[in-house]
2 protein chains.
Amino acid sequence: MSVVRSQGYDGASLAQLSKASGLGKSSLYHHFPEGKDDMVAAVLDHLETTLDATVFAPLRAPGPPATRIKRMNGSLLVFYREGREACLLASLGIGDSSRRFHPRVKQLFRRWIEAIAHALRDGGVPRGQAQLRAEEAIVRIEGSLVLARSLDDPAIFQRALKSLPELLAS
Amino acid sequence: MSVVRSQGYDGASLAQLSKASGLGKSSLYHHFPEGKDDMVAAVLDHLETTLDATVFAPLRAPGPPATRIKRMNGSLLVFYREGREACLLASLGIGDSSRRFHPRVKQLFRRWIEAIAHALRDGGVPRGQAQLRAEEAIVRIEGSLVLARSLDDPAIFQRALKSLPELLAS
DNA sequence: GTCTATAATAGGATAGAC
DNA sequence: GTCTATCCTATTATAGAC
């Protein structure tokens, strides 16, 4: 996962994946018979599991919406290493390979937006508004990751996270 | 430029660059003796020229800040094909090559932010506030491009642009 | 399930004719 | 300044021993 998110699909070579996983190339092909596409699919599986457990679940748990958003922020802070790590979904959006993974990337973004919107509706925000604000939240998360990394300034990501409770308040 | 922005550095093959430019590989090497790095550097030159003329200049031109922001928006709408085209600076932020181009990417983002902040200060926004809001504007532009393309929904980018005049108002 | 060895191919880059 | 032909290396992928 760390190789794919930092290198993108085309940049992630088998040599790097082998080194990072500690397995020889042939062992990788034993576990992923379809090759690199299979490996990246497994990375997406892993991302989905991680998001489910650390981001979507807190957003759907009982409690005040503001608390749920803050729990999401805590998970994101760890997951994106305080803004120093790229977003896998964004990295996979580049290149020809993106066409193959596009459906899954799209679905993960949709599920994320829906989880946020769900929390907002629980806080009394009307359906349409909740959807728009949830999209705006993802826009800030993704955009701040791009800019924080480009400017070597993780504070940009951290400020974006801090802005979310207010954006998402009823 | 269109190849690099859509494919990233690693995904942009000489074959694609040759086809897109209409030149054979050897002709490309005649114009860019250092190879692919030289070609991408030229793409960054071209981007800088384009941004200077269509984005930075309007932001620094005389007139009310709101008007200048709207002129920037008009240029961005064209440049990003209403939200269907990726950002070259974001595409170059992925992979090992990003280290080589990072200084130029960083500087272009800084100049963009500074141009927006300049317009805000002219509108009476205090220096620190102007800087923060300009960064937030880029966050929205970049993030909305990622999300709009991932969800096949260019309206997300267009809404982000529409939100800028209010964000940046004094 | 992992390894070494090896294919097969694509990609970046060069030589030299025109 | 462009082309055809070629080289070299990295990369994806496979075969077969252990």
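As a basis for the values below, the full set of heavy atoms in this structure was taken, side chains included, without hydrogen atoms, waters or symmetry mates.
Contact footprint of chain A on DNA chain D: nucleotides with an atom under 4.0 Å from a non-hydrogen protein atom, first to last in 5' to 3' order, D/dT12 to D/dA15.
Only at 4.0 angstrom or more do the heavy atoms of residues 92-101 of chain B sit from any atom of DNA chain C, so none qualifies.
Of all heavy-atom pairs spanning B/Ser91 and B/Val4, the tightest one is CB-O, 4.0 Å.
Cation-pi check for A/Arg5 over A/Phe79 is met; the charged atom lies under 6.0 angstrom from the ring centroid and within 45 degrees of its normal.
Salt-bridge check for A/Glu135 with A/Arg110: failed, with every basic side-chain N at 4.0 Å or more from each acidic carboxylate O. Contact check on A/Arg140 versus B/Glu142 returns no salt bridge, with no Lys/Arg side-chain nitrogen under 4.0 Å from an Asp/Glu carboxylate oxygen. Under 4.0 Å is where a charged nitrogen must lie from a carboxylate oxygen, and between A/Asp52 and A/Arg111 at least one such pair does. Between B/Asp122 and B/Arg60 there is no salt bridge, since no side-chain nitrogen of the basic residue lies less than 4.0 Å from a carboxylate oxygen of the acidic one. With respect to the salt-bridge test (charged N to carboxylate O, under 4.0 angstrom), the residues A/Arg149 and A/Glu85 do not qualify.
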field: Verdict with supporting geometry, B/Arg99 and B/Asp96, salt bridge (charged side-chain N to carboxylate O under 4.0 Å, His left out)
entry: CA-CA 6 Å; B/Arg99 266 193 271 286; B/Asp96 279 339; 3.3 Å; yes
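The aromatic rings of A/Phe157 and A/Tyr80 stand perpendicular to each other, their planes meeting at an angle above 60°, with 30° marking the opposite boundary.
OP1 or OP2 of C/dA13 lies within a sub-4.0 Å distance of a side-chain N or O belonging to B/Tyr29.
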Could you run down the sub-3.5 Å N/O contacts of the protein with nucleotides 5-11 of chain C?
none

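Checked by atom type, the side-chain pair A/Arg159/A/Ser144 shows no donor-acceptor distance below 3.5 Å.
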